[in-house]
Amino acid sequence: MTVHRHGVESEAPSTTAAAFELLLRVSNDGICLLDATGLCRGVSSAGARVLGYHPRELIGRSFHAVVHASSPRPDGCPLCGPAAGEFEGRALLTRKDGTTFNAACTARHLTGDRTVDERLVVFTEVDTEDRAHSATRHDTEARLRRTVAELAAEKQRSEAIHVFARQLFVTPLGDLDRTLVDQFCVLTDSRLGLLYKKDEHDAELGLAASHGLFPSGVANRIRPNQGSFGAALSARHPVVEDYSDGPLELAGRSIRHIMYVPLSEGEDDLGVLILARTMARPYLPEEQESVAHLAGLASVALANTRVVGRLERLSQLTRAALDGIVEAIRIVDPDGRELFANTSMRFLDQELGLDPSAPFDAPELREIEADPEGRTRMEWELEDRSFERYTAPIHDSLGTFIGRVIVLREVTAERRAERLQADLVSFASHELRTPLTSILGFAKILLEEGDADPEWSSHVETIRGEAVRLLGMVEDLLDFQLGGAGGFVLSRTRFELADLIEEQVSKAAQVSRIHELVFDSPHAAPMIEADRNRIAQVLSNLLSNAIKYSPRGGVIRVRARAKEGSVYVSVADPGIGIPADQRDKVFQKFSRVETAETADIRGIGLGLALCREIVEAHEGSIGYADAHGGGTVFWFELPIRQ
Ligand code: ADP
C-alpha cells in the first residue's frame, strides 16, 4: 500500500515512517529521500522551501536535475548522481528561480545495496549562515575599523596638541603671534590665516600676524563687535562662514570657507584668529571643536605673553629709572654676587677700577658680617674723590632676605664746597673780629669820655650798635665753624632759667624802641642744668629775629613752662611770618626766606642753624609755628637734668 502524506511517500506505514514524516515536516534542514535512480521520493518542507518548490513539485523528479539545473553536472555527481556513493561536503545547489546557494550536504545509503538502495540527502544552506555570520563579522569589523580610525584620529589629535603646545612653549615670545597663525593654518589645512589681538587698554583689535597673504591687503584694526568676528567673541566658540556659492575675494584670493576662532582667557578677550580655505571644504563641526580646544591653549600662551610683557615693561621702566639717576647702584645676592648694576655704577667700575665681584669695602664687610641684615653708611675717599656709600638689605614680599643694594653717591664737589666755606668763614671771622673789637672798645670810650652832645652821642651809639651786630655775626660764623668741626663742647652749670630769660629780654629791649618785649611767666621757668652761654645765645638769636622780622613793631612775648622733666620756652612775634613753601629751609645753614618783605632785612642765615645745633647738643628740640593773628612763635625744649 502506498501512503501519501504531506509530500512524504512511503511504502509501508509504520512508526518509523510516521516519525520520518514528522521529521520531514518540522526539520529546518533540507531532507530528501531518493530512490536508486535518483528520483525524489520524499522531501522535507524546509528542503523544498529552500529550493523554492512546493514539496509536491519535487516528488518523482530527479534530485540531481533539480539541484544542478543551472550548472548541470556530469552524471558522476558525488552528491546525487546515479552512481553516487556516500557524500559529505559542500555543493552548489540551484533554486527554482535559477539562483544558486552553497549547501552543506550529507548523502547516505539507507541500506548496503547500492543498486536498489534508497539514499537520503540532507542539505543546509550555508550561505545564509555565512551571510549571517559575515554580516555580524562585517558589523564587528566595521565597528572595529571605526574604533581604530577614531583612535588613530584621537592619537593624531593629541599628537597635534602636543606638538602645538610644545611649539608654543619653545617659541620666543616675540614670534608667538606668527607661530600661532602658521600652526593653526597647517593644522586646519587653511590657506590663509590672520591674528587680530586686543591690547589691554584698547577697545579695538589690531592685526598681529598673518599667514598666506600680505598684511597690507587686509584691515589693520577691527572693532570687536563686528559681524562673525564679534559673534565668535561673544559666543566664545568658533563661527564659520560659507562662501562656496560665491567666493569672497580677499587680498587676491577666492575664499570659500572662513572660521573665526575667538581667543579669550576668563572674561578677557585676547583676540580673534581668522582661518580661511580657498578649497571647497567646509570647516566641519569636529574640526571646529578641535580648533576651539587648541585655541584654549593658544589663549593661555597669549595671556602669558601679556603678563610677561607687563613684567618686561615694568622691569624696563625700573631699569630706565635706575639708569637715569646719578647715584651708582649695584644689587647683589646674599652671597655678594652681582645681580644688577646701573649705568652710573658701570661707569664708576671702569673709572675707578672697582671689582664687581668684591662689592663691599673692608669696614663695610665687617659691619655686614656683624649684622648681615643691617644697613651700613660710610664716607669713602678714593684718590681725590669723595663718596658716600650706603648698603641696605633687600627682602622679598615674604620678608626673606634676598640680597643687598649698594648705593654710591659722589660728594666730591659738596665736600670741596664745604671745605671752601669753612676756610672762608674762618678767614673772614678772624680778620673781622680784631678790628670790630677795637671799634667797639673805642666807641665805648668815646661814649663814656666824650662830649655830652646828644647828637654826637647818638652817632657814636649807632657805631657801637652796628659794631655789636657785626660782632654777633662774626661770632655766629665762628660758632658755626666750631659746630661743623665736631659739635660744641658744652660746659653745663645749674642756673635759674628765669634769670637768663629776663637778662636776654631786657638786653634785646634796648635794641628797639618800637617793640615791647614781655616775659610772661617768670615763675614757671625752672632751674636747669645746661651751658648758660649757649642757651643765652639761643635766646638772643630768637629775640633778635623776633625784632628783626617784625618791622612794624609790636609786642614780643616770651613764655616758659616746665613739663615732664623738660622746659619749654617760646618767643612769639607779630611779624611777617614764614611762608609755608619755605618752611623747610629756615634751620638750614646760610639759608634765608626769600620774599619781598625779607629783602631789606639783613642777615646771613646762620642764627637758627646755630640755635638748632646748640639745642640738639643739649638733647633738646627746636621748632616754630604760625602765631595766632600773624607772626611766628619760635620755641625750644630742653631737658631740665636735675
Ligand atoms: P638770618 O641771619 O637770615 O636772620 P636765621 O638763621 O636767624 O638767619 O633765620 C633764617 C631765616 O628764617 C631768616 O632769613 C628769616 O627769613 C627767617 N626767620 C627767622 N626768624 C623769623 C621770624 N621770627 N619771623 C619771620 N621769619 C623769620
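Starting from 1, each residue takes its place in the sequence as its number. Every number for a ligand or one of its atoms is a count from 1 in the order of the listing.
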Who passes side-chain hydrogen bond (donor to acceptor under 3.5 Å, both in side chains) against Ser540, sequence neighbours left out? none
Write out each pair where an N or O from ligand 1 and one from the protein are under 3.5 Å apart, with the distance.
residue	atom	partner	partner atom	Å
ligand 1	2 (O)	Ile604	N	3.0
ligand 1	2 (O)	Gly605	N	3.0
ligand 1	3 (O)	Tyr549	OH	3.2
ligand 1	3 (O)	Arg592	NE	2.4
ligand 1	3 (O)	Arg592	NH2	3.3
ligand 1	3 (O)	Gly605	N	3.3
ligand 1	4 (O)	Asn545	OD1	3.4
ligand 1	4 (O)	Lys548	NZ	3.1
ligand 1	4 (O)	Tyr549	OH	2.7
ligand 1	6 (O)	Gly607	N	3.3
ligand 1	6 (O)	Leu608	N	2.8
ligand 1	7 (O)	Asn545	OD1	3.4
ligand 1	7 (O)	Asn545	ND2	2.8
ligand 1	7 (O)	Leu608	N	3.4
ligand 1	8 (O)	Gly605	N	3.3
ligand 1	14 (O)	Tyr549	OH	3.2
ligand 1	14 (O)	Arg592	NE	3.1
ligand 1	16 (O)	Val593	N	3.2
ligand 1	20 (N)	Asn545	ND2	3.4
ligand 1	23 (N)	Asp573	OD2	2.8

Any pair counted as side-chain hydrogen bond (donor to acceptor under 3.5 Å, both in side chains), so long as it reaches residues 355-365, sequence neighbours left out: Asp355-Ser357, Asp361-Trp380, Glu364-Arg389
Residues Glu461, Arg464: salt bridge by 4.0 Å N-O rule: yes
Are Arg559 and Asp520 ion-paired here, with the side-chain N under 4.0 Å from a carboxylate O? yes
With a 4.5 Å heavy-atom cut-off, do Thr412 and Asp384 have their side chains touching? no
For residues 571-586, pull every pair meeting salt bridge (charged side-chain N to carboxylate O under 4.0 Å, His left out), keeping only residues two or more places apart or in separate chains. Arg583-Asp626
